Amino acid sequence: MEIRIIKHPSPGTLNILYRRKGTGKTELPENIDAVGLVQGRMIEMVVAADVAEKAVGVTVEDIHGSCPQNMILLALFGDTAAVESAIADIRKKL
């Protein structure tokens, strides 16, 4: 599993992620100070999504891509403290 945090993402970065998201939502969540990126196997990402969804202040999106190893990418949108907290929970529980 790989994890990265982008603090103060640029509008272009947010647009790239939002164009590739899996849900039908058309608007970016408010107050995006950070984006957590978590990539791994399907089983890990389902558990990571559940852990992150239970965290306060983050919106979780599945990001579509083209990976021959069938890796899954999740993006956690929120303020910096909320994203860091969700990432810490994911690290602890996985």
Side-chain angles (χ1 to χ4, degrees):
M1 185 169 56
E2 290 188 54
I3 297 174
R4 303 284 189 280
I5 295 178
I6 301 171
K7 295 181 181 179
H8 309 292
S10 70
T13 299
L14 291 174
N15 285 332
I16 289 168
L17 290 169
Y18 223 65
R19 280 193 315 267
R20 300 179 74 80
K21 68 181 183 51
T23 64
K25 297 177 190 172
T26 58
E27 296 180 14
L28 284 167
E30 294 184 28
N31 302 325
I32 299 175
D33 291 331
V35 177
L37 300 172
V38 183
Q39 178 175 283
R41 297 176 305 144
M42 176 67 89
I43 192 169
E44 294 169 328
M45 295 306 93
V46 170
V47 174
D50 183 64
V51 170
E53 285 279 329
K54 293 174 181 172
V56 175
V58 296
T59 300
V60 181
E61 292 283 352
D62 176 29
I63 304 299
H64 291 201
S66 172
C67 181
Q69 292 83 22
N70 295 315
M71 301 296 274
I72 306 299
L73 177 65
L74 298 177
L76 316 178
F77 298 97
D79 66 41
T80 302
V83 170
E84 287 176 339
S85 178
I87 293 290
D89 287 350
I90 289 168
R91 287 183 196 270
K92 184 170 70 171
K93 293 181 180 172
L94 292 177

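As the structure is a prediction and not an experimental result, all values here were calculated from the model. Throughout, numbering of the chain's residues begins at 1 and tracks the sequence.
By the side chain to side chain contact (heavy atoms under 4.5 Å, CB included) test, L73 pairs with L37, Q39, I63, sequence neighbours left out. R19 is linked by a salt bridge (charged side-chain N to carboxylate O under 4.0 Å, His left out) to nothing, counting only residues two or more places apart in sequence or in another chain.
M42 and L76 fall within the same hydrophobic cluster, defined by Ile, Leu, Val, Met, Phe, Trp and Tyr side-chain heavy atoms under 4.5 Å apart, directly or through other members. At a threshold of 4.5 Å between side-chain heavy atoms, the hydrophobic network of Ile, Leu, Val, Met, Phe, Trp and Tyr places I32 and I16 in two separate groups.
Residues V35 and T13 are not in side-chain contact: their nearest non-hydrogen atoms beyond the backbone lie 4.5 Å or more apart.
Atom CG of L74 and atom CG of D62 lie 6.0 Å apart (nearest 0.5 Å). With rounding to the nearest 0.5 angstrom, the CD1 atom of I3 is 4.5 Å from the CE atom of M1.
In plain terms, the two heavy atoms of V58 and A52 that are nearest each other are CG2-O, 3.2 Å. The two atoms that bring V60 and E53 nearest to each other are CB-OE2, 3.2 Å, heavy atoms only.
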What pairs of donor and acceptor atoms, side-chain ones from residues 43-50 against any protein atom, are under 3.5 angstrom apart with sequence neighbours left out?
unit_1 : atom_1 : unit_2 : atom_2 : d
E44    : OE1    : R41    : N      : 3.0
D50    : OD2    : K54    : NZ     : 2.9

Result block: side-chain N/O donor-acceptor pairs under 3.5 angstrom for residues 79-94, not counting sequence neighbours:
unit_1 : atom_1 : unit_2 : atom_2 : d
D79    : OD1    : A81    : N      : 3.2
D79    : OD1    : A82    : N      : 2.7
E84    : OE2    : K7     : NZ     : 3.0

